[in-house]
There are 2 protein chains.
Amino acid sequence: MTSLKRIEREPLWDLAHAQLRDALLAGRFAPGTVLTLRSLAETFGTSITPVRDAVTRLVAQGVLQQGPRNAAIVPHLTRSELADLTIVRCALEGRAAREAASRPQAASLERLHALLAKMQSLIAARSLESYLEHHRKFHFEIYAMSGVPILVETIENMWLRCGPVLSFVIPEYVVLLKGWDHHTAALKAIVAGDGAAAEREIVADITEAAQYLSGLADAGGQLRRPMPETAAG
Amino acid sequence: MTSLKRIEREPLWDLAHAQLRDALLAGRFAPGTVLTLRSLAETFGTSITPVRDAVTRLVAQGVLQQGPRNAAIVPHLTRSELADLTIVRCALEGRAAREAASRPQAASLERLHALLAKMQSLIAARSLESYLEHHRKFHFEIYAMSGVPILVETIENMWLRCGPVLSFVIPEYVVLLKGWDHHTAALKAIVAGDGAAAEREIVADITEAAQYLSGLADAGGQLRRPMPETAAG
DNA sequence: TTTTGTTGTTTGTTATAACAAACATATTCA
DNA sequence: TGAATATGTTTGTTATAACAAACAACAAAA
């Protein structure tokens, strides 16, 4: 009887929250989309009550904006907001990397090397979706090594806010190749116990990616998806 | 007709959230207190629906912990968690102070000087509650000057998490006098446009306060209110 | 043609009832 | 007396209905 798993029924609003969160993080919602409670409830097959809880939670986390009429909308990310997010991310993730370098752990370092190898092969295979997934794991493996849960939690929040823009990166290969250097350098610095270098590399990684994204902004400072090459001129 | 003000009715859950938030920030809830929806609804004179929204939001912000049975409880702050919070606060608030020094604004600087003077007089008058209020305004006037809203928002979140412990400080005078130096020094650095010095002073202010608070922890790492002098031995 | 008023729909807000899990208390049986 | 069971209470969860504000579409009047 020991093979039976513990029965735990997660609340509906928790499931709804998880689904919305993943969708946002993967950039599956276009910025500016208004999420209505009743339509979400219909797609989930529940009443609006659990959906309301999930949306309330996401708004509280700053992942969803509340527009007029308290409607929850997928936020547009202006160039200015991206710059602000970059500042916060550099402060938090740089500090996390520095802390990680002062607390190196064998198991984590091993996972990081494996992730790095996998990322290189995924770049070669041009499978970007999977790359981004491992890229995320690589960063957070470092941050987790810092041993400061609140730090990791706050960083996660910032990544969620970047979610809607992440899909912009997917069809691009340039950023990945540029960021590659910083990843290996950061890991090397952590192994060497050089906190300052680790912080420098992570900050450079974030800054360069943001600088690239900022180039995609139009005159109004609004970030837009790059047009696919097949689009008519 | 120009004297008429805009009519705006704020939702009940927003009012409930504001009240709970203020109470938490002022440390009016003892750590470990379980907040039940129905009791809160009764004190607010509403149904449990708006209260539920407010509590959900606070839990999402990390201000309230969710205990077993998804109950919302005012979190205990262990010494370890206080140390973690200090790391995050130093990274964020230090950065904000540095940014503020690079974007000095006359109006804000004037308000800061006024706040500093008021704080000194409040210390002399031994009115601690009012001092803490102005102390808060002083810090956030600096952070707002950074011009990075997301940074300010995140810092606010960290202060909310420290809320339950804040009341521990109220009966103490030592911390205030110790921290006073750093406040004037930080403001002087900002006026001089010395970002590095401003960051250093703010970090020192946070660190010293945390170090003092950490001394109040018992063997289990649990922070406790200092016993009033009239307590029996 | 433009503006104004009306109507119907959409949508977030709030209250309420039913529900289930957990806990505390009382009761019963050995 | 002590353990097991039964019962009642508390509490978060969910669905549903009523409500009001906002928006859109259409009709009527200048």
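What's counted below: heavy atoms across the whole structure, side chains too, no hydrogens, waters or symmetry copies. Per chain, numbering begins at 1; letters A, B, ... match sequence-line order.
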Between P of D/dT14 and CG of B/Leu37, the distance in whole Å: 13 Å
Whole angstroms only, please: what is the CG-P distance between A/Asp53 and C/dT14? 14 Å
Here the distance between atom P of C/dG12 and atom CD1 of A/Ile73, to the nearest Å, is 12 Å
Hey, is the side chain of B/Asn70 poking within less than 4.0 Å of OP1 or OP2 on D/dT11, counting only N and O atoms? no
Okay, side chain of B/His139, backbone of B/His135: is any donor-acceptor separation there less than 3.5 Å? no
Between the protein and nucleotides 15-18 of chain D, which nitrogen or oxygen pairs are less than 3.5 angstrom apart?
| from | atom 1 | to | atom 2 | distance (Å) |
| --- | --- | --- | --- | --- |
| D/dA15 | OP2 | A/Ser47 | N | 2.9 |
| D/dA15 | OP2 | A/Ser47 | OG | 2.6 |
| D/dA15 | O5' | A/Ser47 | OG | 3.4 |
| D/dA15 | N7 | A/Thr49 | OG1 | 2.7 |

Rounded to the Å, how far apart are B/Asp14 CG and C/dG12 P? 16 Å
Starting at CG of B/Leu40 and ending at P of D/dT10, how long is that distance when rounded to a whole Å? 16 Å
Are any side-chain N or O atoms of B/Ser108 and backbone N or O atoms of B/Gln105, one a donor and one an acceptor, separated by less than 3.5 Å? no
Using heavy atoms to find the nearest nucleotide of DNA chain D for A/Arg69 and A/Pro11 separately, return the residue whose nucleotide is more 5′. A/Pro11
Has the side chain of A/Ser39 got a donor or acceptor atom that lies under 3.5 Å from a matching backbone atom of A/Thr36? yes
So, B/Arg21 and B/Glu156, do they make that salt bridge, N to O below 4.0 Å? yes
Describe the nucleic acid contact of A/Leu35 in one word from base, sugar-phosphate, nothing, applying a heavy-atom distance below 4.0 Å. sugar-phosphate
When A/Leu92 is tested against each of A/Val152, A/Asn157, A/Ile155 for side chain to side chain contact (heavy atoms under 4.5 Å, CB included), which residue passes? A/Ile155
Among the nucleotides C/dT11, C/dA21, D/dT14, which one has an atom lying closest to any side-chain atom of A/Trp13? D/dT14
Pair A/Glu42 + A/Arg38, salt bridge at N-O below 4.0 Å: no
When rounded to the nearest 0.5 angstrom, what distance separates CG in A/Leu12 from CG in A/Asp53? 10.0 Å
Take atom CD of A/Glu42 and atom C1' of C/dT10, then tell me their distance rounded to the nearest Å. 14 Å
Please report the distance, rounded to the nearest Å, between NE2 in A/His17 and C1' in D/dT13. 17 Å
